[in-house]
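What follows is a set of notes on a single structure, which appears directly below.
Hydrogens, waters and symmetry mates are skipped; everything else that's a heavy atom, side chains included, is used. Each residue takes its place number in the sequence, starting with 1.
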Amino acid sequence: MKKQEIKKLSKDEIIKNIDKFKKDLFNFRFQKINSQVTNPAKISETKKTIARLKTTLKRKIDA
């Protein structure tokens with residue numbers, strides 16, 4: 001997700017997306033262990049997206 005897309009989301013949508021990306025990351029870890037990862041860059045991209053979502057959520061809560 002891009003920053004602009006994340007800014008448009010509501011608090012509930014951000015929380016749902018964080019959960020979804022955490023599940024994806026969990027699955028990527030198992031794929032990595034079993035050498036089934038098709039795109040290893042997706043792991044770091046997913047981590048960065050989770051961090052962006054958490055940062056935006058914190059900003060919206062504090063505001």
Side-chain angles (χ1 to χ4, degrees):
M1 294 184 87
K2 294 187 178 184
K3 292 178 186 177
Q4 296 169 349
E5 295 172 357
I6 293 173
K7 286 182 180 180
K8 293 178 183 176
L9 298 175
S10 68
K11 292 178 188 177
D12 294 331
E13 291 172 332
I14 291 174
I15 293 169
K16 287 178 187 176
N17 281 325
I18 289 173
D19 290 338
K20 185 185 103 171
F21 281 113
K22 281 187 177 183
K23 289 177 185 174
D24 290 345
L25 187 61
F26 183 77
N27 290 329
F28 287 145
R29 287 185 183 135
F30 275 104
Q31 289 175 1
K32 185 178 179 183
I33 291 169
N34 295 327
S35 301
Q36 297 175 342
V37 176
T38 55
N39 187 0
K42 279 295 247 185
I43 297 171
S44 62
E45 184 181 322
T46 305
K47 287 180 182 179
K48 289 177 184 178
T49 303
I50 292 171
R52 284 187 193 112
L53 287 166
K54 285 185 174 182
T55 301
T56 306
L57 180 64
K58 180 145 177 74
R59 287 182 183 165
K60 287 191 179 208
I61 289 174
D62 290 342

- request: Count the heavy atoms of every other residue, nucleotide or ligand shown that sit under 6.0 Å from CD of Q4, and state whether that count exceeds 12.
  value: no
Between atom [atom1] of [X] and atom [atom2] of [Y], what is the distance when rounded to the nearest 0.5 Å?
{"X": "D24", "Y": "I43", "atom1": "CG", "atom2": "CD1", "answer": "11.5 Å"}
{"X": "K47", "Y": "F28", "atom1": "NZ", "atom2": "CZ", "answer": "11.5 Å"}
{"X": "Q36", "Y": "N27", "atom1": "CD", "atom2": "CG", "answer": "11.0 Å"}
{"X": "K7", "Y": "K2", "atom1": "NZ", "atom2": "NZ", "answer": "13.5 Å"}
{"X": "T56", "Y": "K8", "atom1": "OG1", "atom2": "NZ", "answer": "13.5 Å"}

Restricting to non-hydrogen atoms, name the atom on [X] and the atom on [Y] that form the minimum distance, rounded to 0.1 Å.
{"X": "K54", "Y": "I18", "result": "CG-CD1, 3.9 Å"}
{"X": "A41", "Y": "S44", "result": "O-OG, 3.1 Å"}
{"X": "F21", "Y": "T46", "result": "O-CG2, 3.5 Å"}
{"X": "M1", "Y": "L9", "result": "CE-CD1, 3.7 Å"}

message: side-chain contact (heavy atoms from CB on, under 4.5 Å), that's the test. Do T49 and L53 meet it? Break it down for me.
response: CA-CA 6 Å; T49 303; L53 287 166; 4.2 Å; yes
query: Are side-chain heavy atoms of R52 and T55 found at a separation under 4.5 Å?
result: no
- prompt: Name the one of K23, K22, R29 that satisfies side chain to side chain contact (heavy atoms under 4.5 Å, CB included) with L25?
  reply: R29
